[in-house]
Amino acid sequence: MKKLSEYIDSLKDILEEYGDLDVVYAKDEEGNGFNEVCYTPSVGYYEDREFTSIDEKDEDDEDDIKINAVCIN
């Protein structure tokens with residue numbers, strides 16, 4: 001799994017070399033389809049291929065969520 005800093009560094013290199021490109025994502029690991037990235041990244045908790053965004057929790061529960069991942073779409 002990549003760290004956010006590594007991901008950002010890669011994106012900065014791409015931006016510098018190719019300009020402001022559209023962003024897409026693969027539907028699966030085999031590249032069987034692609035879609036546009038439409039949403040602003042969100043932070044939350046990721047474990048066992050499940051992601052819970054802090055946006056999905058009410059304010060009282062936010063302190064209980066261990067933030068460990070960024071979801072890009």
Side-chain angles (χ1 to χ4, degrees):
M1 182 179 296
K2 288 241 181 233
K3 293 292 185 185
L4 183 59
S5 59
E6 295 171 318
Y7 197 76
I8 290 171
D9 286 343
S10 295
L11 291 174
K12 284 180 180 178
D13 291 342
I14 292 168
L15 178 62
E16 185 177 309
E17 185 167 346
Y18 298 102
D20 199 12
L21 304 172
D22 291 334
V23 180
V24 298
Y25 69 95
K27 289 183 177 182
D28 60 28
E29 294 175 1
E30 297 169 353
N32 290 317
F34 297 87
N35 278 324
E36 297 172 351
V37 173
C38 301
Y39 302 101
T40 302
S42 60
V43 296
Y45 181 72
Y46 178 75
E47 183 176 55
D48 298 328
R49 300 181 68 107
E50 295 287 328
F51 181 79
T52 303
S53 170
I54 61 167
D55 297 334
E56 297 172 10
K57 298 292 185 179
D58 55 29
E59 291 180 17
D60 295 335
D61 293 336
E62 284 185 20
D63 293 336
D64 297 336
I65 297 175
K66 177 185 169 195
I67 305 299
N68 68 355
V70 176
C71 181
I72 62 164
N73 203 29

When you group the ILVMFWY residues by side-chain heavy-atom contacts below 4.5 Å and let the links chain together, are I54 and F51 in the same group? no

Could you tell me the separation between the CZ atom of R49 and the CD atom of E47, rounded to the nearest 0.5 Å? 13.5 Å

dist L15:CG -> S10:OG (nearest 0.5 Å) comes out at 12.5 Å

Calculate, to the nearest 0.5 Å, the distance between atoms CG and CG belonging to D9 and L4 respectively. 9.5 Å

Check the pair Y7 / I72 against side chain to side chain contact (heavy atoms under 4.5 Å, CB included), numbers first and verdict last. CA-CA 11 Å; Y7 197 76; I72 62 164; 3.8 Å; yes

Under the side chain to side chain contact (heavy atoms under 4.5 Å, CB included) criterion, do V24 and N35 qualify, and how do the steps go? CA-CA 5 Å; V24 298; N35 278 324; over 6 Å; no

To the nearest 0.5 Å, what is the distance between OH on Y46 and CG on D48? 8.5 Å

CD (E6) with more than 12 external heavy atoms under 6.0 Å: yes

